[in-house]
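What follows is a short report on a single structure.
Values reported hereafter were calculated over all heavy atoms of this structure, with side chains retained and with hydrogens, waters and symmetry mates removed.
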Amino acid sequence: MRELDDIVKGCQNMDRKAQKVLYDRYSPILFGMAMRYASCASEAEDMLQEAFINIFKHVKQYEGHGSFEGWMKRILINAAIGYIRKHKKHINDSFDEIQEIKIKDTSFETRDFTKEELMSTINELPEGFRLVFNLYAIEGYKHREIAEMLGIQVGTSKSQYSRARKILMNKLQVLSKMPEDRVS
Amino acid sequence: MKDRNHIDDLFRDGLSNQQVTPPKSNWKGMQSSLDNMRLEHLAKVKLANQAITPAKSVWQKIATKLWWEQFIHFSALKFNIYYAAVGVVGITSGVIISNQVNTEIYHPEKQMHIEMLQSRDAYNYVDLLEMETLNPTQVSKQNNQIEISSNQQSNSGEIAHNNNATTKLTAQLTPRTTETPTDNTEQSATELSSNFQGDTKTRITENQADNDITKPQIIGMPLILDQLVPILISAQQIHIKNYSERADTLGYDYQGEPIVKDLSFFEQGYSAGAIFVKQDFEFLNPEMQNAYLTNQDYSQFSYRFGIRFNYVKNNYIVQTGLYLANLNNTFKHTTTHLIIHDDTPKLPYLEYTWPYESDTVIEYKTHEYNNSYSFIELPILAGAHFENEKFAVNLKTGPIFNLITGVNSKLLLESDQIITTVQRSNFIRPGIRWELSADLIYRFNNHVSVFIEPSYIHDLTNMFNKNYAVKSRFKGYSGSVGIYYRF
């Protein structure tokens, strides 16, 4: 813990070595997160870059309350949202666009899905669905918080999550019917 | 009592082990909830903490961006190592360049010829450039005669230079022109005789209005051996370049390089122009650690006018002046904090603190801001000056120190309903922006010229104080026209 404090202090003084140590230690965790929010690796790299720049810019504001890793994860999430705001259409547009997708209720067989399979399934989700699903199902935010973060209504967040879940189930059902050796 | 026990036993015996198969629809209903739980469980367990090592290039990009971040966030009040480094590099470059320039100008042999020209002595220039083959070891001195000779060419040129003491210099020259001016004056005992053939060229450079080119005068300054031999030796190593003729060319030095008057003048100008600016806003939410840039910014007509002063010396220019600028823009964004719930009229962006969820009713509405900022600007630009008869170009770059002197702002809802209007606020804030520009000049005469000036400007400093939750910078292009008066 002492060591992390030193690293954070170094980063607060803009010490390049400390920044590199922090990056080496936490970049795999944050990149793993970024991959869930992005549709491809290059997008995830951009999000990671943006997040680390913001981490180093605002590390002075971190006062030691709460987990530093949690604080960084929060910044990555904000960077991911910011990235989508900046490079994609408005998030609301992305929701409107996919209102018309017809989704039927379905179920999926139990199979031991690999991380790669789950990741590619999430990556294939439309932008807005992916955001809401990640924030709600994996990060554990409440719909009210998600609505606030994305600038959407609470009801929109709930309905998008429900739709995202159905799409995922459809995809997992297809996956579960395929022999495991055919799934790359 | 007995009956009561009997009834209890009856139900216990009859129903305690009863099994009833639920309807199939019941399971389907449950299955949906279970699937949801399984999906969330799968996602959380498999993906929540997965670590993937990013490509090595990502750190390089971050490091580069950090460098620029630190470089660009200039603060006049805070020591910045990068700006210090740029300053050191700039000063060092300046010293090196000025040394080179000085070396060029004050080269002793060259200076001698310049002085001759400036003293309006006739300058007979024998092109020594072809003496590259001359071997300085073949310099011999006999009595008062010094002979420098080489045996490479069948044609030979001979310069005899005789002042008080008779000095004779014989050099092998590659033939260049047939034009061979020779003259003897009674006042001078200098003797110039040459036997040039082929294209051996003797170039006579002088103010031709005052001196008849057909009667060139003889070198007025004695060429003594100690001066001439180094010239001949250095001539062997000179790489000859083609120099373009200029109107202000006085003549040519021994290297064939044009000798021009030192160009040095002051110019005063007036300019006015349009600017197309883009205003970058960065919102920093301290509660959410959120920072994002938004680009929904629409330029409106902006302008700048003012007075400027140029000082030109040879190929360098320094420019300063005083401009008044008015930068306008329309800016749209969707807020998560609500100005509409605050009844006090305040400056959009300028006076609001970022509200926290606990004390703010959060609504999401798109607002439009019509902003108009007034500036006083003080440019200090430096760069290169090029001149060719009627046309001249100034390429320049440097900081513009500016002061926001007032803000007019309107905040509207999408329905065009005005929420807040602020007129002529006394918001004052200093800042620095960088300009890169070019003056394209046409000279009517020695005094009056007109110019057009395309330029690019970029704010280096935030418009607002560092504790404010919004950062903003202008960047944009401008085009100005104006007139210069040259003193």
Legend entry - Criterion salt bridge (Lys or Arg N to Asp or Glu O under 4.0 Å) on Lys61(B) and Glu50(A), from CA distance to verdict: CA-CA 10 Å; Lys61(B) 288 178 190 167; Glu50(A) 195 61 37; over 6 Å; no
Does any non-hydrogen side-chain atom of [Y] lie less than 4.5 Å from one of [X]?
| X | Y | result |
| --- | --- | --- |
| Pro54(B) | Tyr23(A) | yes |
| Thr53(B) | Pro28(A) | yes |
| Trp59(B) | Gln19(A) | yes |
| Phe56(A) | Ile62(B) | yes |
| Lys57(A) | Leu66(B) | no |

Which answer fits [X], side chain, backbone, both or neither, if we ask what part of it has an atom under 4.5 Å from a heavy atom of chain B?
| X | result |
| --- | --- |
| Phe133(A) | side chain |
| Ile77(A) | neither |
| Met35(A) | side chain |

Inset, instruction - Please indicate whether Tyr141(A) has more than 12 foreign heavy atoms, meaning atoms of other residues, nucleotides or ligands, lying under 6.0 Å from its OH. - result: yes
Legend entry - salt bridge (Lys or Arg N to Asp or Glu O under 4.0 Å) partners of Lys20(A), counting only residues at least two apart: Asp24(A)
Legend entry - Test salt bridge (Lys or Arg N to Asp or Glu O under 4.0 Å) applied to Glu139(A) - qualifying residues, sequence neighbours left out: Arg36(A)
Legend entry - chain B interface, residue from Arg165(A), Lys73(A), Glu45(A) that has the most non-hydrogen pairs under 4.5 Å: Arg165(A)
Inset, instruction - Looking only at non-hydrogen atoms, find the nearest pair between Ala63(B) and Arg16(A) and report the distance. - result: O-NH1, 3.7 Å
Legend entry - Interatomic distance, Met33(A) atom CE to Ile52(B) atom CD1 [nearest 0.5 angstrom]: 12.0 Å
